Amino acid sequence: MEDRTDALRGAPLGVRQVRAALTREFAALLDLADLGPCPPDERERAFLTRALAAKAGQLSADCTAAQAAGAVIDGVDDHGIDAVLVSPATAEIWLVQAKWSDRGTALLGSSDVRKLLNGFERFVTLQYDRFNVRFQRLAEQVGEVLTAPNCRIHLVLAALGEEALSPATYELLVAGVSEFNTFEELLDFRVLGIADFHAALRRAELPEPVSVSATLSHGWHEGPVPYQTYVGTVGVDELAQWYEQHGPRLFDRNVRHPLGLTRVNGAMVDGLLTGAEEFWYFNNGVTVVCDSVRREFFGRRAQNEPMRLELVNARVVNGAQTVSSAHRAHRSDPHAVSDALVLVRIICLDGAPADLAQRITLATNAQNRVEDRDFVALDPQQELIRRDFARSLGKSYVLRRGEQEPAPAAGCSVTEAAFALACAHPDAAVVARLQQDSEALWHRGSEGVYPRLFGNHLDALQIWRSVKFMREVRNALAVLADGLEGRARMVADRAGLLIVHIVFQLVGGDGIDDPGGEWDARAESGVGRTDAVLSALIDRLGERHGRYALLGRSLRDGRSCRELVAGVQRALEHGSVPDAPAPRRKARRRRSNTVPLLVSHRRIADGTRLFYRPNSAAEREALHEWLSEAPERYLASWVNDPRKPLVWAVDQQRYSPTGLTSRIWQEAQWAEQPVAVRGTKNWYLPGEGTLAELADELVADADTAGDGPGAE
């Protein structure tokens, strides 16, 4: 920002000092692009308001200036909230409202507080689409914390004035907070005035390093060369005290701050509370770097005798999740974790190269969670299959997660192969297991799916033919589904795996591994019966259940799937297949072409985040609780594929808009869901509209240009 010393000559000294400090700290960090061309005074006031909000957030949440600046959402559609700061580690959220005054007389009025409380209500009811694009960047993290059982939200009201709030406004705020806390203690507030910002300036001039104590019991080891190092065991209660005293400042050198109560961290907390004495064996420990170490022995000054280390300017560079989980468990039940120990490695940087701390941080954090899927790459059987693909077929067979998958004609991944083999398996209960949990593909042991698919020697030709067949049936089913509505469309979208399985059983596996056999011709004929299988399955489901609200439950039950398959096979054998479902009338084709239209125009870029938005009050009421349990259920990423353009954040699988909407209804077990599903109206691009609305805009533009949408 430009220097306006002359313009502020009449301003109080305290205001000039705060303005100068905010400018130094946030001028290079705050985004003002949304302001566009505007008068300098207006631009400066917007900057100072945002900088004040960022500083208030920084003081309240104890975060860095960059983090605070990134949390500013001030602008159109901020609903009275100027900044949103999130701490997954402590399950806390700070909502900041700020007001600047060049004269130091800012006062937040009743209208400001009402606007903030209304914004908070939209916030906690997950009306994310009401907020601006700046907020959307934070939505996923916000949703994660909002679902934590011990979530706390803090309102921070900051005004550059002596009072900040009038007595009447203060009473209004107290009443509003009390109303929100009627059933549980969720919300509190803090008011910051000019004195608080002056105090922050004084503290900034005298920064205090983080220092912690580490008490090492018997069995510790010291390594003095080339850098002073201690390796030993520390009590979990001591780690919890570190976090209690210093919070996220412990992790300023780490690649990430605590991630909150994730599945892994939740398991860590549970392990501490239920098996504290064994925790040391299952945890990788904590790595701390510090500037200097002071030693204090409790008795004899000798190697391995108990001692306490005072670590000056200490930073946890690996193990942030362990420290925060220790704090969470200790806060929950201090007695239960009193015997828990953690391996700690302490590295003193005195005399070390300047980049040592950075190199240690990068090396110790260069790890990702290992999933059951990843162990497949270690299976010798899979390596034989990969070689067979290359030598016999000249195609790729991708084993490792994260490795780029080949083009469809060039090969497949082990995941796609597993799905195809599951559909080819003679027992429909295998498909039902996948409907329950796709990770079951990789489970081993007597009850696991993986041994049933890959337990016997399989050659590349059998797997490749299975994959191609699955693709062809799915493509045929997608063409059929695009012309259907209501119950028929729902079955086509949601029972795809079971339909592939049924068609597979019609074709049979005889000769699938024989290069000179007739299996390809049989497979082509089988694909041609996809419509008959769909019709028979729809009819059989109607006989068994009558209403499609039970469809999801039926598809996840092994016994039900077996009975459905047997019924469809009987109908096909006896020629009692009903007529194929009637396609929609041609006059209604434009809506069915929404996704191809968007893809052909490249209207949405690959990777764009979309949000699920219920269309009706009944849908919102039915799904709110289930969606709120895991915010990723709201989220999908776009890929320009005319069949399945949505990648759901929950399982990273691809769906059509209608297919994913149906999946959400199924998973939420919405008993009163409507028969007709129009998923293009449920998926929303923030600030622009639903998929259906975006397609309508393209059609309108084409009509205006004298060129209608045409047939596709």
Side-chain angles (χ1 to χ4, degrees), residues 31-36 70-73 75-78 84 126-144 401-408 410 413 416 475 478 482 493 590-615 631-661 663-664 678-705 707 709-710 712:
D31 182 8
L32 304 177
D34 61 305
L35 299 178
V72 172
I73 69 167
V76 177
D77 291 334
D78 64 21
V84 179
L126 305 184
Q127 299 179 47
Y128 295 163
D129 58 296
R130 302 289 187 89
F131 288 88
N132 57 33
V133 174
R134 293 172 186 267
F135 174 81
Q136 303 304 331
R137 296 195 294 263
L138 307 170
E140 185 173 359
Q141 193 177 41
V142 165
E144 177 187 341
R401 184 164 58 100
E403 188 176 353
Q404 184 174 0
E405 295 192 11
S413 68
E416 190 177 19
N475 288 339
D482 194 50
D493 282 334
R590 192 179 77 179
R591 179 60 61 209
S592 69
N593 291 332
T594 291
V595 171
L597 186 63
L598 294 172
V599 171
S600 65
H601 284 76
R602 294 284 165 173
R603 175 62 178 81
I604 305 173
D606 286 332
T608 299
R609 179 66 57 82
L610 298 172
F611 292 82
Y612 177 81
R613 188 169 69 175
N615 278 323
E632 62 268 20
R633 293 171 178 171
Y634 280 97
L635 306 176
S637 300
W638 179 269
V639 292
N640 278 292
D641 182 323
R643 290 181 59 245
K644 295 185 177 182
L646 297 182
V647 180
W648 197 19
V650 170
D651 58 11
Q652 298 301 312
Q653 300 298 311
R654 288 168 60 172
Y655 299 85
S656 67
T658 295
L660 184 48
T661 299
R663 175 68 185 274
I664 288 173
R678 290 198 175 96
T680 54
K681 291 186 176 181
N682 283 98
W683 290 96
Y684 175 78
L685 181 61
E688 299 195 47
T690 66
L691 297 179
E693 290 168 344
L694 298 180
D696 285 344
E697 291 175 4
L698 292 175
V699 171
D701 290 344
D703 289 343
T704 301
D707 181 15
E712 299 183 18

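Note that the structure is a prediction, hence the values are computed from the model and not measured.
- Across Tyr128 and Phe135, no two heavy atoms sit closer than the pair CD2-CE2, 3.5 Å.
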Does the side-chain contact (heavy atoms from CB on, under 4.5 Å) test come out yes or no for Leu635 and Val650, once each step is laid out? CA-CA 8 Å; Leu635 306 176; Val650 170; over 6 Å; no

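- Scored by the side chain to side chain donor-acceptor pair (under 3.5 Å) test, Arg130 finds Gln127 as partners (sequence neighbours excluded).
- Closest approach of Ile604 and Leu694 over heavy atoms only: CD1-CD1, 3.9 Å.
- Distance CG/Leu138 to CD/Gln136: 9.0 Å, rounded to 0.5 Å.
- The minimum heavy-atom distance between Val595 and Pro645, with the atom names listed, is CG1-CG, 3.7 Å.
- Residue Thr680 comes nearest to Pro657 through the heavy atom pair N-CB, 3.9 Å, listed as atom of the first residue, atom of the second, then distance.
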Where do Val84 and Phe131 land on the side-chain contact (heavy atoms from CB on, under 4.5 Å) test, with the steps shown first? CA-CA 12 Å; Val84 179; Phe131 288 88; over 6 Å; no

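- Not a single donor-acceptor pair under 3.5 Å links the side chain of Asn640 to the backbone N or O of Ala605.
- Annotation: salt bridge (Lys or Arg N to Asp or Glu O under 4.0 Å) contacts of Asp77 (sequence neighbours excluded): none.
- Considering only heavy atoms from C-beta on, Asp34 comes within 4.5 Å of Arg134 through its side chain.
- No side-chain N or O of Arg633 forms a donor-acceptor pair with one of Tyr612 less than 3.5 Å apart.
- When the ring-ring contact (aromatic ring centres under 6.0 Å, His included) test is applied to Trp638, no partner is found at least two apart in sequence or on another chain.
- Residues passing the side chain to side chain donor-acceptor pair (under 3.5 Å) test with Asp641, sequence neighbours excluded: Arg654.
- Of the inter-residue distances, the one linking Asp31 atom CG with Ile73 atom CD1 reads 13.0 Å to the nearest 0.5 angstrom.
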Apply the test side-chain contact (heavy atoms from CB on, under 4.5 Å) to residues Asp129 and Phe611: give CA-CA distance (whole Å), side-chain angles for both, the deciding distance (0.1 Å), then the verdict. CA-CA 8 Å; Asp129 58 296; Phe611 292 82; over 6 Å; no

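- For the pair Leu685/Leu610, a side-chain contact is recorded, criterion being any heavy-atom separation below 4.5 Å from C-beta on.
- The line from NZ of Lys681 to OG1 of Thr658 is 11.0 Å long, rounded to the nearest 0.5 Å.
- Listed by chain and number, the residues in a side chain to side chain donor-acceptor pair (under 3.5 Å) with Trp648 amount to none (sequence neighbours excluded).
- The two atoms that bring Leu597 and Ala695 nearest to each other are CD2-O, 3.6 Å, heavy atoms only.
- Considering only residues two or more places apart in sequence or on other chains, Glu416 meets the side chain to side chain donor-acceptor pair (under 3.5 Å) condition with Arg471.
- The shortest side-chain heavy-atom distance between Arg663 and Asp651 falls under the 4.5 Å cut-off.
- Electrostatic pairing of Arg609 and Glu140 counts as a salt bridge here, judged by a charged N lying under 4.0 Å from a carboxylate O.
- By the 4.5 Å heavy-atom criterion applied to side chains, Tyr655 and Thr661 are not counted as neighbours.
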Should Arg643 and Asn475 be marked as a side-chain contact (heavy atoms from CB on, under 4.5 Å) after you check the CA-CA gap, both sets of side-chain angles, and the distance that decides it? CA-CA 8 Å; Arg643 290 181 59 245; Asn475 288 339; 3.3 Å; yes

